[in-house]
**Student:** 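My structure is below; once you've seen it, I'll send some questions.
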Amino acid sequence: MPVEEFVAGWISGALGLVLGYPFDTVKGQREPSLPASSVLPTQVRLQTQTTYRGIVDCMVKTYRHESLLGFFKGMSFPIASIAVVNSVLFGIYSNTLLALTATSHQERRAQPPSYAHIFMAGCTGGFLQAYFLAPFDLIKVRLQNQTEPRAKPGSPPPRYRGPVHCAASIFQEEGPRGLFRGAWALTLRDTPTMGIYFITYECLCHQSTPEGQNPSSATVLVAGGFAGITSWVTATPLDVIKSRMQMAGLNQRAHRGVLDCIVSSARQEGLGVFFRGLTINSARAFPVNAVTFLSYEYLLHLWQ
């Protein structure tokens, strides 16, 4: 099994993460007036609460309350874990295509795989990515959603002192299953979404590139950006559900499952709740995925 795709996926994913992390934090920010040591309510994210007046209001309050560093809260842990998560996605996708078509990454420009094969490979990568991602994503979300005001005498300590303490606390307070809270919603989100993600990218590259040639950097940037937007339009409803299920353990509210969370959310707040965060997701998706695909293609071209 070629390992270049795994390494390129790790590096490109880390670059995209650094670029998009401030957007992700705004999407996942909670109300700063709550003390850091308090029990967090379920509706703690921009997607799931109404205390913020919008994206700009959330960004201003985050900066005032936590300074510029607040936008990068919990980033060290995702960068470390991205070696596993993004490597799984791109590595499994490329190697699944290799198994289905018997063509390498470079040979696919001369012999484009069918969209059915691309979708199957993307879904396979998304499914396995979700399995590895679930605990990492939960810890990232919990760390992002605790706010720590700028150092002041007598200020309460943060609930979680870091990713290891966060994981240990979840394990102790919510049991082993707590580390996989929201995993089914994450799997349902990522499995079809990654199929759509790679189909969009490959389709746009194919349509904009002369037969047999490699796509230009501009083509890769545009195709990667639109692939990111398309995937988030598809993923946002289940991303909202995933977020709510991940944060539910902090106020001792356990949804009976994905369907129960969907029904209760719709009853309480209407169908519009499932599209909260779509604007910030789309704004984040274009530059992040453009950079991710450009660095991925560049690294594979460099090594091969």
**Student:** Counting heavy atoms not belonging to L271, are there more than 12 under 6.0 Å from its CG?
**Tutor:**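 At most 12 heavy atoms, drawn from other residues, nucleotides or ligands, come within 6.0 Å of this atom.
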
**Student:** If you group Ile, Leu, Val, Met, Phe, Trp and Tyr by side-chain heavy-atom gaps below 4.5 Å, do F275 and M245 land in one group?
**Tutor:** yes

**Student:** Following the transitive rule for hydrophobic clusters with a side-chain heavy-atom cut-off under 4.5 Å over Ile, Leu, Val, Met, Phe, Trp and Tyr, establish whether F180 and Y160 coincide in one cluster.
**Tutor:**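 Same cluster.
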
**Student:** I'd like to know if E297 and R108 make a salt bridge, using a cut-off of under 4.0 Å between side-chain N and carboxylate O.
**Tutor:** no

**Student:** Between W232 and D239, is there a side-chain heavy-atom distance shorter than 4.5 Å?
**Tutor:**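 A side-chain contact exists here, since the closest heavy-atom pair is under 4.5 Å.
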
**Student:** Let me check something: do M120 and I92 share a hydrophobic cluster, defined by ILVMFWY side-chain heavy atoms less than 4.5 Å apart, either directly or through other members?
**Tutor:**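 Hydrophobic grouping puts M120 apart from I92.
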
**Student:** Should the ring pair Y201 and F293 be called parallel, tilted or perpendicular, given that the plane angle runs from 0 to 90° and is split at 30 and 60?
**Tutor:**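 Taking F293 first and then Y201, their aromatic rings lie parallel (interplane angle under 30°).
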
**Student:** Using every non-hydrogen atom in the two residues, find where I241 and A185 come nearest and quote the distance to one decimal.
**Tutor:**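 The pair with the smallest heavy-atom distance is CG2-CB, 4.3 Å.
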
**Student:** Hey, could you give me the OG/CZ distance between S265 and R276, rounded to the nearest 0.5 Å?
**Tutor:** 9.0 Å

**Student:** Which pair of heavy atoms, one from L138 and one from G178, lies closest together, and at what distance?
**Tutor:**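 Taking L138 first and G178 second, the nearest heavy atoms are CD2-O, 2.9 Å.
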
**Student:** Is the backbone N or O of L133 less than 3.5 Å from a side-chain atom of D137, with the two atoms forming a donor-acceptor pair by type?
**Tutor:** no

**Student:** Would you give the length of the straight line joining atom CD1 of I118 to atom CD1 of I199, rounded to the nearest 0.5 angstrom?
**Tutor:**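 Answer for the CD1-CD1 pair, I118 versus I199, is 6.5 Å.
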
**Student:** Would the number of heavy atoms belonging to other residues, nucleotides or ligands and lying under 6.0 Å from OH of Y115 be above 12?
**Tutor:**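 Check passes, neighbour count above 12.
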
**Student:** Less than 4.5 Å apart, any side-chain heavy atom of D190 and any of F127?
**Tutor:** no

**Student:** Evaluate side chain to side chain donor-acceptor pair (under 3.5 Å) for N289 paired with Y197, printing each intermediate quantity in order.
**Tutor:** CA-CA 10 Å; N289 290 280; Y197 178 66; 2.7 Å; yes

**Student:** Do the non-hydrogen side-chain atoms of E5 and Y296 ever get within less than 4.5 Å of each other?
**Tutor:**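 Touching, per the 4.5 Å side-chain cut-off.
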
**Student:** Does the side chain of V258 come within less than 4.5 Å of W184's, by heavy atoms?
**Tutor:** yes

**Student:** So how far is it from I139 CD1 to S169 OG, rounded to the nearest 0.5 Å?
**Tutor:** 10.0 Å

**Student:** Is the closest side-chain donor-acceptor distance between S231 and T234 under 3.5 Å?
**Tutor:** no

**Student:** Can you check whether S104's main-chain N or O pairs, donor with acceptor, with E107's side chain at less than 3.5 Å?
**Tutor:** yes

**Student:** To the nearest 0.5 Å, tell me how far T292 OG1 sits from I11 CD1.
**Tutor:**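 So the gap between those two atoms works out to 12.5 Å.
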
**Student:** How many angstroms lie between NE2 in H206 and SG in C203, if you round to the nearest 0.5 Å?
**Tutor:** 8.0 Å

**Student:** Check for a donor-acceptor pair, side chain of N86 on one end and backbone N or O of W10 on the other, with a separation under 3.5 Å.
**Tutor:** no

**Student:** Specify the closest pair of heavy atoms between G126 and M194, including all atoms of both residues, with the distance to one decimal.
**Tutor:** CA-CG, 3.5 Å

**Student:** Check whether any side-chain heavy atom of N214 sits under 4.5 Å from a side-chain heavy atom of T209, and report yes or no.
**Tutor:** no

**Student:** Could you give the distance from SG (C123) to CD1 (I196), rounded to the nearest 0.5 Å?
**Tutor:**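 Nearest 0.5 Å value for the SG-CD1 distance: 8.0 Å.
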
**Student:** Answer yes or no: is there a side-chain heavy-atom contact under 4.5 Å between T219 and L204?
**Tutor:**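 No, side chains not in contact.
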
**Student:** Do the side chains of Y298 and W303 join up, straight or via other hydrophobic residues, at under 4.5 Å, putting them in one cluster?
**Tutor:** yes

**Student:** Compare all side-chain heavy atoms of L186 with those of R189 and state whether any distance is below 4.5 angstrom.
**Tutor:**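 Yes - at least one pair of side-chain heavy atoms lies under 4.5 Å apart.
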
**Student:** If you look at every heavy atom in A235 and T193, which pair is closest and at what distance?
**Tutor:**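 In terms of heavy atoms, the two residues are closest at CB-OG1, 3.8 Å.
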
**Student:** Give the intermediate values and the outcome of side chain to side chain contact (heavy atoms under 4.5 Å, CB included) for residues V220 and S216.
**Tutor:** CA-CA 6 Å; V220 171; S216 66; over 6 Å; no

**Student:** Measure across L97 and A121 and return the closest heavy-atom pair with its distance rounded to 0.1 Å.
**Tutor:**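 Minimum heavy-atom separation between L97 and A121: CG-CB, 3.8 Å.
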
**Student:** Less than 4.0 Å between a side-chain N and a carboxylate O, is that true for E173 and R181?
**Tutor:**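 Salt bridge: no.
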
**Student:** Might you point out which heavy atoms bring Q129 and V88 nearest each other, and give the distance in Å?
**Tutor:** N-CG1, 3.8 Å

**Student:** So do the side chains of F198 and F119 get within less than 4.5 Å of each other, counting heavy atoms only?
**Tutor:**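 A side-chain contact under 4.5 Å is absent here.
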
**Student:** Do F90 and L100 sit in the same hydrophobic cluster, where Ile, Leu, Val, Met, Phe, Trp and Tyr count as joined when their side-chain heavy atoms come under 4.5 Å apart?
**Tutor:** no

**Student:** Using a 6.0 Å cut-off, check whether atom NE2 of H165 has over 12 heavy atoms from anything other than its own residue.
**Tutor:**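 Counting neighbours around NE2 of H165, more than 12 heavy atoms of other residues, nucleotides or ligands fall under 6.0 Å, so yes.
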
